[in-house]
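Comments concern the structure below.
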Amino acid sequence: MMLSAREQWRILSDGVAEILPEDEFLAKLERSVQTGTPLRVKLGCDPSRPDLHIGHAVVLEKLRQFQELGHRVIFIIGDFTAMIGDPSGRSKTRPALTMEETQENARSYLEQVGIVLDVSRAEIRHNSEWLAAMTFADVIRVASQVTVSQMLERDDFHERFEREQPIALHEFLYPLAQGIDSVQVRADIEIGGTDQRFNFLLARELQKHAGQPPQAIVLMPLLEGTDGVQKMSKSLGNYIALLDPPREMFGKAMSIPDELIVRYYRYATFASADEARAMEEGLRAGTLHPRDAKALVAERLVARYHGEEAARSAREEFDRMFRHKQLPDQIETIELRLIPPVPLVEVLVAAGLVPSKSEARRLIAGGGVYVEGERIGDLHATLGDAGEYVVKVGKRRFARVRLQA
RNA sequence: GGGCGGGUUCCAGAGCGGUCAAAUGGGGCAGACUGUAAAUCUGCUGGCUUAUGCCUUCGGAGGUUCGAAUCCUUCCCCGCCCA
């Protein structure tokens, strides 16, 4: 009932950025088939900020395939590392999380993972289980297995070293901790984004020292964020969250640069290589309009996470608002306890449409504020009477404010 | 421990006694245009009872000065080199 190693290889290698080393991966599949033993596929996760996005889904989707082929997915919740603090040097040190926060985050993380794959069939481990138990002597022993110049091979360390930027000593320990995780769970495969290459390779070294067969590595492409330049990440604000509501998801997908359309088609909506090629050719030949291609991607993306129905209505709403510049079909009503006449500037702030009066003035001066469909250019404009007003700020901020008598 | 160079607004990075809320680029927002929240172009980008006005900001605390991001003292932090 298990597929042959070849068949599995065909499925599992589709859409990956890199498999290291390929022959070992294939050998593992073959042994797995022969002995009827599922492979142990590890995914480490940082529970510090549980807001998964469609970039994570690229990895999760691959993991789902492993699951469907009968392999064992092992999630490692990095609760220990999260409690200690920030691994990545450039960001200002993140505050260490408390035990409760970490647990809450982990719960929410798994819930979001559950959108893509079957968490109940996965093995879930917390790395505090073994990392918290290590003594300093244990740490030194593991640290002795890696040299400083090996560490400096990692391009992010290398670059900072070259640029004379700080690298804190503990940053060297995080890759080590990840490697120890692999040893602990006896990972056959570790999966992650291409930025994890160094850490995953280091884990192989530690596994060899521990007398284990080293894990094979599956690296998935990193999806660019909606800005089209940097990788998708929460901190850069260029992400589409798995939990984004349909309209948000649709709109964000429509804001990607044209060059990214096909890539999103392939990796965000999991179109096959053939489908992606077809779209690419259509775009190049001019038979497929970029806007339509993008709308297709956006719709398919929304459909995946919210269903066909939601996708269709998100698309209609988008067309209404941005192509035809009409009002959205639902506008939040905000009651203001202000007695007319009220300066418009004050209304905008009170309604939460802008963060400050200065900002409100700038927007008015720049022609970005509308009341009842009419552009307001006067900084001193007031809403004179009680009643409801539809206020629009920019393209996307709407509110129906109600002034009481 | 010694020497040198640094810490500036969301980020990077100029400024080095007044003309500094602080160049420039990025990001963000808005406008025009359009095929979309693409691209391109333009404008804006600390706050306040709109005021040739006031307040807060240039690592922290003091000081000099009519006046400081700019000078001095001291403290904290970072990088490099030497030990």
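Chain letters run A, B, ... following the sequence lines, proteins first, then strands; residues in each count from 1.
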Write down the distance between NZ (A:Lys357) and P (B:rC55), rounded to a whole number of angstrom. 19 Å
With A:Lys252 as the cation and A:Tyr239 as the aromatic partner, state whether NZ or CZ is under 6.0 Å from the six-membered ring centre and within 45° of the axis. yes
What contact category does A:Ser356 fall into here, base, sugar-phosphate, or nothing, at under 4.0 angstrom with non-hydrogen atoms? sugar-phosphate
Can you tell me which residue pairs pass the salt bridge (Lys or Arg N to Asp or Glu O under 4.0 Å) test with a partner in residues 211-220 of chain A, sequence neighbours excluded? none
Report, one line per pair, each donor and acceptor closer than 3.5 Å where one atom sits in a side chain of residues 285-294 of chain A; sequence neighbours left out.
{"unit_1": "A:Thr287", "atom_1": "OG1", "unit_2": "A:Gly282", "atom_2": "O", "d": "3.4"}
{"unit_1": "A:His289", "atom_1": "ND1", "unit_2": "A:Arg291", "atom_2": "N", "d": "3.0"}
{"unit_1": "A:Lys294", "atom_1": "NZ", "unit_2": "A:Met254", "atom_2": "O", "d": "3.3"}
{"unit_1": "A:Lys294", "atom_1": "NZ", "unit_2": "A:Ile256", "atom_2": "O", "d": "2.5"}
{"unit_1": "A:Lys294", "atom_1": "NZ", "unit_2": "A:Asp258", "atom_2": "OD1", "d": "3.3"}

Do A:Glu123 and A:Arg125 sit within salt-bridge range, that is, some charged N less than 4.0 Å from a carboxylate O? yes
Can you tell me the pairing partner of B:rC71 across any strand shown, Watson-Crick or G-U wobble, with both distances under 3.5 angstrom? B:rG63
Using the P atom as the reference point in each nucleotide, state the distance between B:rC29 and B:rA39 in Å, no decimals. 11 Å
List the atom of A:Ser13, the atom of A:Ile19, and the distance in Å for their closest heavy-atom pair. CB-CD1, 3.9 Å
Nearest-angstrom distance, P atom, B:rA69 to B:rU9: 14 Å
Partner nucleotide of B:rA12 by Watson-Crick or wobble geometry (both distances under 3.5 Å): B:rU24
Can you pull every protein N or O that's under 3.5 Å from an N or O on nucleotides 78-83 of chain B?
{"unit_1": "B:rG79", "atom_1": "O2'", "unit_2": "A:Glu164", "atom_2": "O", "d": "2.9"}

Could you note down all residue pairs passing side-chain hydrogen bond (donor to acceptor under 3.5 Å, both in side chains) where residues 374-386 of chain A supplies at least one of them, sequence neighbours left out? A:Tyr370-A:Arg375
Need the pair for B:rC4. Rule: Watson-Crick or G-U wobble, both distances under 3.5 Å, any strand; none if unpaired. B:rG79
Heavy-atom count check: over 12 atoms from other residues, nucleotides or ligands less than 6.0 Å from A:Ile339 CD1? no
Are A:Lys392 and A:Glu372 close enough for a salt bridge, meaning some N to O gap below 4.0 Å? no
Identified pairing partner of B:rG17, criterion: Watson-Crick or G-U wobble below 3.5 Å: none
Name every donor-acceptor pair, under 3.5 Å, that has one atom in a side chain of residues 207-227 of chain A and the other anywhere in the protein, sequence neighbours excluded.
{"unit_1": "A:Gln207", "atom_1": "OE1", "unit_2": "A:Gln215", "atom_2": "N", "d": "2.7"}
{"unit_1": "A:Gln207", "atom_1": "NE2", "unit_2": "A:Ala187", "atom_2": "O", "d": "3.2"}
{"unit_1": "A:Gln212", "atom_1": "NE2", "unit_2": "A:Val183", "atom_2": "O", "d": "2.8"}
{"unit_1": "A:Gln215", "atom_1": "OE1", "unit_2": "A:Ser182", "atom_2": "OG", "d": "2.9"}
{"unit_1": "A:Gln215", "atom_1": "NE2", "unit_2": "A:Glu190", "atom_2": "OE1", "d": "2.9"}
{"unit_1": "A:Gln215", "atom_1": "NE2", "unit_2": "A:Phe200", "atom_2": "O", "d": "3.1"}
{"unit_1": "A:Glu224", "atom_1": "OE1", "unit_2": "A:Arg263", "atom_2": "NE", "d": "2.6"}
{"unit_1": "A:Glu224", "atom_1": "OE2", "unit_2": "A:Arg263", "atom_2": "NE", "d": "3.2"}
{"unit_1": "A:Thr226", "atom_1": "OG1", "unit_2": "A:Asn238", "atom_2": "O", "d": "3.3"}
{"unit_1": "A:Asp227", "atom_1": "OD1", "unit_2": "A:Val229", "atom_2": "N", "d": "3.3"}
{"unit_1": "A:Asp227", "atom_1": "OD1", "unit_2": "A:Asn238", "atom_2": "ND2", "d": "3.2"}

Heavy-atom contacts, protein to nucleotides 27-38 of chain B, under 4.0 Å, summarised as B (base), S (sugar-phosphate only) or - (none) per nt, yield --SSSS-BBBBB
Give me the distance, rounded to whole Å, that separates B:rU56 from B:rC20 when you measure between the C1' atoms they each carry. 14 Å
